[in-house]
Amino acid sequence: FNRQWMQVGGSIAAEQVVCNSEHTKNMMVEAFGELLNSKQMEELETKTAVVRFGLTDKVPTTQKYDKPVVVYNHRTENYKQPQKTAQCFALLREEGFEFEVWATQYAHQNFKHIMPDKVVGHPEYATYLENIAVPAINTINSVHETFCISILDSMSVGHVIVAPKGV
């Protein structure tokens, strides 16, 4: 309930609410409708926009790369369970699979679990998208996400997303 209330309260306080699909918007309306009255829901729906698959129309063309790539495009807070992701990487490598792990968010992160082969993040959004525009998998073991922009970024450049239902 605490997470749901933070989502509801944040949406009420926001000037605009962005959903990544009609499905997400419908889920929000259904869930919030259990807690808000009809006037509040009408105000919320008025300021809600659907922005499909990312926040830019400047999506770069995906470039070839010589090895399989897993993009770890997330922070390392405990609820994202980076230790589970790292365990999966270790198991795959023990089984003989060769791949590179690229991290996008390295500054101020605790990478004691995920040891990236390459850091590809960049403060300029267009450059960051160019850096991750290779055939890749974006994987996350997060317990929950409200609006995972990094997943949308990956979808916009054609990555395969591997994630639990909570994402």
Participant: Using only atom types and a distance under 3.5 Å, with no angle test, would you say the side chain of R93 pairs donor to acceptor with the backbone of F99?
Facilitator: yes
Participant: Supply the atom-to-atom distance Q16 CD to T46 OG1, rounded to the nearest 0.5 angstrom.
Facilitator: 12.0 Å
Participant: Side chains of Q81 and T85: closer than 4.5 Å at any heavy-atom pair?
Facilitator: no
Participant: Any side-chain heavy atom of K64 sitting closer than 4.5 Å to one from V134?
Facilitator: no
Participant: Is there a path of hydrophobic side-chain contacts, each under 4.5 Å between heavy atoms of I/L/V/M/F/W/Y residues, joining M27 to V29?
Facilitator: no
Participant: Counting heavy atoms not belonging to K84, are there more than 12 under 6.0 Å from its NZ?
Facilitator: no
Participant: Can you tell me how far the CG atom of L91 sits from the CD atom of E95, to the nearest 0.5 Å?
Facilitator: 5.5 Å
Participant: Treating K47 as the side-chain partner and S11 as the backbone partner, does any N or O pair qualify as donor plus acceptor under 3.5 Å?
Facilitator: yes
Participant: Examine distances only and state if a side-chain atom of S154 and a backbone atom of N138 form a donor-acceptor pair shorter than 3.5 Å.
Facilitator: no
Participant: Verify side-chain contact (heavy atoms from CB on, under 4.5 Å) between V101 and M115, making sure each step is shown before the conclusion.
Facilitator: CA-CA 8 Å; V101 175; M115 298 307 295; over 6 Å; no
Participant: Is a donor on one side and an acceptor on the other found under 3.5 Å between the side chain of T62 and the backbone of V157?
Facilitator: yes
Participant: Distance from L44 atom CG to K25 atom NZ, nearest 0.5 Å?
Facilitator: 9.0 Å
Participant: Please confirm whether the ring centroid of W102 lies under 6.0 Å from the ring centroid of Y65.
Facilitator: yes
Participant: Do M28 and V17 touch side chain to side chain, with heavy atoms closer than 4.5 Å?
Facilitator: yes
Participant: Sort out for me which residue in N131, T127, V71 forms a side chain to side chain contact (heavy atoms under 4.5 Å, CB included) with V120.
Facilitator: N131
Participant: Hey, mind stepping through I161 and M155 against side-chain contact (heavy atoms from CB on, under 4.5 Å) and telling me if it holds?
Facilitator: CA-CA 7 Å; I161 309 303; M155 289 170 65; 3.8 Å; yes
Participant: Can you see whether Y128 engages D153 through a side-chain donor-acceptor pair at a distance of less than 3.5 angstrom?
Facilitator: yes
Participant: Indicate yes or no: at least one non-hydrogen side-chain atom of T61 is less than 4.5 angstrom from one of Q63.
Facilitator: yes
Participant: Distance-only, no hydrogens or angles: does the E43 side chain make a donor-acceptor pair with backbone N or O of Q40 under 3.5 Å?
Facilitator: no
Participant: Keeping E124 on the side-chain end and H122 on the backbone end, is there a donor-acceptor pair under 3.5 Å?
Facilitator: no
Participant: Is there a side-chain contact between L36 and I12 (heavy atoms, below 4.5 Å)?
Facilitator: yes
Participant: Determine yes or no for a side-chain-to-main-chain donor-acceptor pair under 3.5 angstrom, with N73 supplying the side chain and T104 the backbone.
Facilitator: no
Participant: Checking the side chain of H159 only, and the main-chain atoms of I132 only, is there a donor and an acceptor separated by less than 3.5 Å?
Facilitator: yes
Participant: Could you give the distance from CG (L35) to CD (Q7), rounded to the nearest 0.5 Å?
Facilitator: 10.5 Å
Participant: Do V69 and K118 come close enough that some side-chain heavy atom pair is under 4.5 Å?
Facilitator: no
